[in-house]
Amino acid sequence: MKNWIELLSDFKEKQQPVALVTVTRCLGSTPCVLGSRMIITKDKIVHGTIGGGKLEFLAIEKAMIALDDNKIIESGYTLGPEFEQCCGGKVEFIIEPMNQTPELFLFGAGHIGQEIVQLLVGTPFKVNLIDSRKDWFKEKEFDPSINPCEVSEIDFKTFRDAVRWGNSCYVLVLTHNHAIDFDIIAMALQEETKFLGLIGSKTKKARFNNMLINEMNIKEGMSNVVCPIGLPIGGDTPKEIAISVVAQLLQVYYQPIAK
(Lines give C-alpha, C1' and ligand atoms only; values in the text may rest on other atoms or scores of the structure.)
Protein backbone atom coordinates (compact mmCIF):
# COMPACT_ATOMS: atom_id res chain seq x y z
CA MET A 1 0.00 0.00 0.00
CA LYS A 2 2.08 2.89 -1.33
CA ASN A 3 -0.33 5.70 -0.47
CA TRP A 4 -0.88 4.83 3.22
CA ILE A 5 0.51 8.18 4.44
CA GLU A 6 -1.98 10.09 2.28
CA LEU A 7 -4.82 7.82 3.41
CA LEU A 8 -3.95 8.33 7.09
CA SER A 9 -3.81 12.08 6.50
CA ASP A 10 -7.30 12.01 4.98
CA PHE A 11 -8.70 9.98 7.88
CA LYS A 12 -7.05 12.34 10.39
CA GLU A 13 -8.56 15.38 8.69
CA LYS A 14 -12.01 13.74 8.93
CA GLN A 15 -11.30 12.65 12.55
CA GLN A 16 -12.26 9.12 11.53
CA PRO A 17 -10.85 6.37 13.78
CA VAL A 18 -8.79 3.76 11.93
CA ALA A 19 -6.28 1.04 12.76
CA LEU A 20 -2.96 0.77 10.94
CA VAL A 21 -1.58 -2.78 10.65
CA THR A 22 2.13 -3.04 9.84
CA VAL A 23 4.00 -6.32 9.30
CA THR A 24 7.12 -6.15 11.47
CA ARG A 25 8.61 -9.60 10.85
CA CYS A 26 8.39 -12.37 8.27
CA LEU A 27 10.01 -15.76 8.86
CA GLY A 28 10.08 -18.45 6.20
CA SER A 29 7.51 -18.56 3.42
CA THR A 30 4.76 -15.94 3.96
CA PRO A 31 2.07 -14.28 1.78
CA CYS A 32 3.41 -10.81 2.60
CA VAL A 33 6.69 -8.95 3.02
CA LEU A 34 8.22 -6.90 5.82
CA GLY A 35 6.52 -3.51 5.93
CA SER A 36 3.25 -4.64 4.33
CA ARG A 37 0.42 -2.46 5.63
CA MET A 38 -3.32 -2.16 5.70
CA ILE A 39 -5.72 0.36 7.20
CA ILE A 40 -9.04 -0.75 8.71
CA THR A 41 -11.97 1.50 9.61
CA LYS A 42 -14.44 0.81 12.43
CA ASP A 43 -16.93 -0.61 9.93
CA LYS A 44 -14.22 -3.01 8.66
CA ILE A 45 -13.51 -1.30 5.36
CA VAL A 46 -9.97 -2.38 4.45
CA HIS A 47 -7.35 -0.48 2.48
CA GLY A 48 -4.27 -2.50 1.49
CA THR A 49 -3.45 -6.08 2.44
CA ILE A 50 -1.09 -8.21 4.50
CA GLY A 51 -1.66 -11.32 2.41
CA GLY A 52 -5.35 -12.15 2.60
CA GLY A 53 -6.86 -15.37 3.94
CA LYS A 54 -7.27 -16.26 7.60
CA LEU A 55 -4.19 -14.24 8.57
CA GLU A 56 -5.80 -11.06 7.35
CA PHE A 57 -9.19 -12.00 8.83
CA LEU A 58 -7.65 -12.43 12.30
CA ALA A 59 -5.68 -9.21 11.92
CA ILE A 60 -8.91 -7.36 11.15
CA GLU A 61 -10.59 -8.86 14.23
CA LYS A 62 -7.66 -7.77 16.39
CA ALA A 63 -7.84 -4.32 14.80
CA MET A 64 -11.42 -4.03 16.07
CA ILE A 65 -10.18 -4.80 19.59
CA ALA A 66 -7.38 -2.24 19.24
CA LEU A 67 -9.93 0.38 18.20
CA ASP A 68 -12.34 -0.53 21.01
CA ASP A 69 -9.60 -0.40 23.65
CA ASN A 70 -7.65 2.41 21.93
CA LYS A 71 -4.47 0.40 22.60
CA ILE A 72 -1.57 -0.76 20.43
CA ILE A 73 -1.58 -4.53 19.90
CA GLU A 74 1.35 -6.73 18.87
CA SER A 75 0.49 -10.14 17.42
CA GLY A 76 1.78 -12.91 15.19
CA TYR A 77 0.78 -16.25 13.67
CA THR A 78 2.49 -19.35 12.32
CA LEU A 79 0.83 -20.23 9.01
CA GLY A 80 0.13 -23.91 9.57
CA PRO A 81 -2.75 -26.23 8.66
CA GLU A 82 -5.22 -24.40 10.91
CA PHE A 83 -4.82 -21.41 8.57
CA GLU A 84 -5.64 -23.59 5.57
CA GLN A 85 -2.22 -22.61 4.25
CA CYS A 86 0.92 -24.66 3.80
CA CYS A 87 3.40 -21.78 3.86
CA GLY A 88 4.76 -22.81 7.25
CA GLY A 89 6.16 -19.33 7.78
CA LYS A 90 5.46 -16.87 10.56
CA VAL A 91 4.13 -13.31 10.34
CA GLU A 92 4.32 -10.75 13.15
CA PHE A 93 2.58 -7.39 13.04
CA ILE A 94 1.66 -4.34 15.10
CA ILE A 95 -1.76 -2.68 15.13
CA GLU A 96 -1.95 1.03 15.95
CA PRO A 97 -5.33 2.72 16.58
CA MET A 98 -5.39 6.29 15.34
CA ASN A 99 -7.54 9.42 15.53
CA GLN A 100 -8.98 8.43 18.91
CA THR A 101 -7.62 11.16 21.18
CA PRO A 102 -9.59 11.08 24.44
CA GLU A 103 -11.75 14.17 24.68
CA LEU A 104 -13.26 15.50 27.90
CA PHE A 105 -16.44 17.55 27.99
CA LEU A 106 -16.72 19.01 31.49
CA PHE A 107 -20.01 20.71 32.33
CA GLY A 108 -19.54 23.23 35.14
CA ALA A 109 -16.65 25.69 35.29
CA GLY A 110 -16.69 26.16 39.05
CA HIS A 111 -13.73 25.78 41.40
CA ILE A 112 -13.40 22.00 40.96
CA GLY A 113 -14.03 22.11 37.22
CA GLN A 114 -11.35 24.73 36.70
CA GLU A 115 -8.86 22.72 38.78
CA ILE A 116 -9.61 19.55 36.79
CA VAL A 117 -8.99 21.11 33.39
CA GLN A 118 -5.74 22.75 34.50
CA LEU A 119 -4.46 19.42 35.85
CA LEU A 120 -5.22 17.75 32.50
CA VAL A 121 -2.87 20.09 30.61
CA GLY A 122 -0.03 17.99 29.23
CA THR A 123 -2.00 14.71 29.32
CA PRO A 124 -3.46 12.92 26.25
CA PHE A 125 -6.85 14.56 26.86
CA LYS A 126 -8.33 17.24 24.67
CA VAL A 127 -10.35 19.37 27.09
CA ASN A 128 -13.61 21.31 26.69
CA LEU A 129 -14.90 23.35 29.65
CA ILE A 130 -18.60 24.10 29.34
CA ASP A 131 -20.83 26.44 31.37
CA SER A 132 -24.28 27.99 30.93
CA ARG A 133 -23.75 31.08 33.09
CA LYS A 134 -23.66 34.21 30.94
CA ASP A 135 -20.21 35.77 30.53
CA TRP A 136 -18.79 33.24 33.01
CA PHE A 137 -15.56 32.94 31.07
CA LYS A 138 -15.18 36.67 30.44
CA GLU A 139 -12.43 37.40 32.98
CA LYS A 140 -11.01 33.89 33.35
CA GLU A 141 -7.76 32.72 31.79
CA PHE A 142 -6.98 29.14 30.81
CA ASP A 143 -4.16 27.30 29.15
CA PRO A 144 -4.43 27.66 25.34
CA SER A 145 -5.09 23.91 25.06
CA ILE A 146 -8.38 24.28 26.97
CA ASN A 147 -11.52 25.13 25.01
CA PRO A 148 -14.06 27.21 27.02
CA CYS A 149 -17.61 26.93 25.69
CA GLU A 150 -20.71 28.85 26.79
CA VAL A 151 -24.06 27.11 26.28
CA SER A 152 -27.60 28.36 26.71
CA GLU A 153 -30.01 27.27 29.43
CA ILE A 154 -32.82 28.53 27.20
CA ASP A 155 -31.91 26.20 24.33
CA PHE A 156 -30.84 22.86 25.80
CA LYS A 157 -29.87 21.65 22.31
CA THR A 158 -26.70 23.69 22.76
CA PHE A 159 -25.65 21.29 25.55
CA ARG A 160 -25.94 18.25 23.26
CA ASP A 161 -24.27 20.02 20.34
CA ALA A 162 -21.29 20.97 22.52
CA VAL A 163 -20.23 17.31 22.77
CA ARG A 164 -18.62 15.01 20.20
CA TRP A 165 -20.19 11.75 21.33
CA GLY A 166 -18.45 8.42 20.81
CA ASN A 167 -16.00 5.89 22.20
CA SER A 168 -13.37 8.58 22.91
CA CYS A 169 -15.85 10.88 24.68
CA TYR A 170 -15.51 11.47 28.44
CA VAL A 171 -18.22 13.53 30.17
CA LEU A 172 -18.09 15.04 33.64
CA VAL A 173 -21.10 16.82 35.16
CA LEU A 174 -20.36 19.38 37.89
CA THR A 175 -22.72 22.28 37.25
CA HIS A 176 -24.04 24.84 39.73
CA ASN A 177 -27.58 23.46 39.47
CA HIS A 178 -28.82 19.93 40.31
CA ALA A 179 -31.67 20.22 37.79
CA ILE A 180 -29.16 20.94 35.02
CA ASP A 181 -27.01 18.05 36.27
CA PHE A 182 -29.96 15.71 35.92
CA ASP A 183 -30.88 16.89 32.43
CA ILE A 184 -27.30 16.44 31.22
CA ILE A 185 -27.06 12.94 32.71
CA ALA A 186 -30.39 11.93 31.14
CA MET A 187 -29.17 13.27 27.79
CA ALA A 188 -25.74 11.63 27.98
CA LEU A 189 -27.19 8.22 28.83
CA GLN A 190 -28.83 8.21 25.42
CA GLU A 191 -25.52 8.86 23.65
CA GLU A 192 -22.24 6.92 23.35
CA THR A 193 -19.55 7.80 25.89
CA LYS A 194 -16.40 6.17 27.20
CA PHE A 195 -16.92 7.61 30.68
CA LEU A 196 -19.83 9.45 32.28
CA GLY A 197 -19.30 10.90 35.74
CA LEU A 198 -21.37 13.02 38.12
CA ILE A 199 -20.20 14.88 41.20
CA GLY A 200 -22.39 14.29 44.23
CA SER A 201 -23.29 12.14 47.19
CA LYS A 202 -24.81 8.66 47.38
CA THR A 203 -28.10 10.38 48.21
CA LYS A 204 -27.96 12.42 45.01
CA LYS A 205 -27.14 9.27 43.04
CA ALA A 206 -30.13 7.42 44.53
CA ARG A 207 -32.46 10.34 43.81
CA PHE A 208 -31.29 10.65 40.22
CA ASN A 209 -31.58 6.88 39.80
CA ASN A 210 -35.26 6.92 40.80
CA MET A 211 -35.99 9.92 38.56
CA LEU A 212 -34.28 8.33 35.53
CA ILE A 213 -36.25 5.11 35.93
CA ASN A 214 -39.63 6.53 36.91
CA GLU A 215 -39.74 9.85 35.04
CA MET A 216 -37.45 9.29 32.03
CA ASN A 217 -38.12 5.57 31.50
CA ILE A 218 -34.36 4.91 31.43
CA LYS A 219 -34.41 1.39 32.83
CA GLU A 220 -30.71 1.18 33.73
CA GLY A 221 -30.98 4.30 35.88
CA MET A 222 -27.58 5.38 37.18
CA SER A 223 -25.89 2.02 36.65
CA ASN A 224 -23.75 3.45 33.83
CA VAL A 225 -22.86 6.66 35.66
CA VAL A 226 -19.85 7.00 37.97
CA CYS A 227 -21.05 8.85 41.07
CA PRO A 228 -19.39 10.04 43.21
CA ILE A 229 -16.47 10.76 40.86
CA GLY A 230 -12.81 10.48 41.79
CA LEU A 231 -10.59 7.80 43.28
CA PRO A 232 -10.89 7.42 47.08
CA ILE A 233 -7.49 8.96 47.89
CA GLY A 234 -8.71 11.43 50.51
CA GLY A 235 -8.89 15.22 50.67
CA ASP A 236 -11.83 17.57 50.19
CA THR A 237 -10.39 20.81 48.80
CA PRO A 238 -11.19 21.66 45.16
CA LYS A 239 -7.62 20.80 44.09
CA GLU A 240 -7.57 17.53 46.04
CA ILE A 241 -10.92 16.48 44.59
CA ALA A 242 -9.69 17.46 41.13
CA ILE A 243 -6.56 15.34 41.57
CA SER A 244 -8.70 12.32 42.44
CA VAL A 245 -10.93 12.89 39.40
CA VAL A 246 -8.03 13.36 36.98
CA ALA A 247 -6.40 10.19 38.37
CA GLN A 248 -9.64 8.32 37.66
CA LEU A 249 -9.86 9.63 34.09
CA LEU A 250 -6.26 8.62 33.39
CA GLN A 251 -6.88 5.20 34.95
CA VAL A 252 -9.85 4.62 32.63
CA TYR A 253 -7.87 5.81 29.62
CA TYR A 254 -4.76 3.72 30.24
CA GLN A 255 -6.36 0.50 31.47
CA PRO A 256 -7.62 -1.83 28.71
CA ILE A 257 -11.24 -2.94 28.70
CA ALA A 258 -11.73 -6.45 30.10
CA LYS A 259 -12.74 -8.86 27.37
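Computed from a prediction, not measured in an experiment: that's the story for all the values here. Below, each value reflects all heavy atoms present in this structure, side chains not excepted, and no hydrogens, waters or symmetry copies.
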query = Mind checking whether L250 and F125 have side chains closer than 4.5 Å, heavy atoms only?
reply = yes
task = Kindly give the heavy-atom pair with the smallest separation between C149 and F137, and that separation in Å.
result = O-CE1, 3.4 Å
message = Could you tell me if K138 sits above the aromatic ring of W136, with its cationic atom closer than 6.0 Å to the ring centre and no more than 45 degrees from the axis?
response = no
R25, CZ atom: more than 12 neighbouring heavy atoms under 6.0 Å = no
inquiry  = Can you confirm whether the side chains of D43 and T41 place a donor and an acceptor under 3.5 Å from each other?
reply    = yes
Minimum-distance pair of heavy atoms, taken over all atoms of F159 and V163 = O-CG2, 3.8 Å
inquiry  = With heavy-atom distances below 4.5 Å as the criterion, would you say the side chains of K42 and Q100 are in contact?
reply    = yes
key: Distance (rounded to the nearest 0.5 Å) between M222 CE and I213 CD1   = 10.5 Å
message = Please check if the number of heavy atoms outside K140 that lie under 6.0 Å from its NZ is greater than 12.
response = yes
ask   = Can you tell me if NZ on K90 sees more than 12 non-hydrogen neighbours from other groups inside 6.0 Å?
value = no
ask   = Looking just at side-chain N and O atoms, do T237 and E240 make a donor-acceptor pair shorter than 3.5 Å?
value = yes
Shortest non-hydrogen separation from V21 to I40 and the atoms involved = CG2-CD1, 3.4 Å
request  = Tell me yes or no: between the side chains of N128 and E103, is some donor less than 3.5 Å from an acceptor?
outcome  = yes
key: Candidates I130, L120, L129, V173 - the one meeting side-chain contact (heavy atoms from CB on, under 4.5 Å) with L106   = L129
query = Do side-chain atoms of Q190 reach the backbone of A186 as a donor and acceptor pair under 3.5 angstrom?
reply = yes
request  = Answer yes or no: is there a side-chain heavy-atom contact under 4.5 Å between E56 and T49?
outcome  = yes
inquiry  = Measuring only between side-chain heavy atoms, which start at C-beta, is C32 closer than 4.5 Å to C26?
reply    = yes
query = Going from OH on Y77 to OG1 on T30, what distance comes out if it is rounded to the nearest 0.5 angstrom?
reply = 15.5 Å
query = Is it the case that one hydrophobic cluster holds both L104 and M187, taking links as side-chain heavy atoms less than 4.5 Å apart, direct or via other members?
reply = no
ask   = Taking K204 for the side chain and I199 for the main chain, is one N or O donor matched with an acceptor at less than 3.5 Å?
value = yes
query = Can a donor-acceptor pair be found between the side chains of Q15 and N99 at a distance below 3.5 Å?
reply = no
ask   = Hey, is D155 close enough to K157 for a salt bridge, meaning N to O under 4.0 Å?
value = no
message = Among residues at least two apart in sequence or on other chains, which ones pass ring-ring contact (aromatic ring centres under 6.0 Å, His included) with F208?
response = F182
message = According to a hydrophobic-cluster definition based on side-chain heavy atoms being under 4.5 Å apart (Ile, Leu, Val, Met, Phe, Trp, Tyr only), do I218 and V171 belong together?
response = yes
key: Distance (rounded to the nearest 0.5 Å) between S145 OG and Q118 CD   = 8.0 Å
Taking every non-hydrogen atom, the tightest pair across I116 and V246 = O-CG2, 3.8 Å
request  = Could you tell me whether R133 atom CZ has more than 12 heavy atoms of other residues or ligands within 6.0 Å of it?
outcome  = yes
query = Are H176 and F107 close enough that their ring centers fall under 6.0 Å?
reply = no
request  = May I ask you to say whether E191 pairs ionically with R160, meaning some side-chain N is under 4.0 Å from a carboxylate O?
outcome  = yes
Ring centroid separation Y170 to F105 under 6.0 Å = no
task = Would you sort out whether E61 and K44 count as a salt bridge (charged side-chain N to carboxylate O under 4.0 Å, His left out), showing the intermediate values?
result = CA-CA 9 Å; E61 293 303 303; K44 296 188 178 181; 2.9 Å; yes
task = Using a strict cut-off of less than 4.0 Å between a Lys/Arg side-chain nitrogen and an Asp/Glu carboxylate oxygen, indicate whether E153 and K134 qualify as a salt bridge.
result = no
task = Applying ring-ring contact (aromatic ring centres under 6.0 Å, His included), name anything that partners F57, two or more places apart in sequence or on another chain.
result = none
query = Quick one: CD1 on I50 to CG on L55, what's the gap to the nearest 0.5 Å?
reply = 4.0 Å
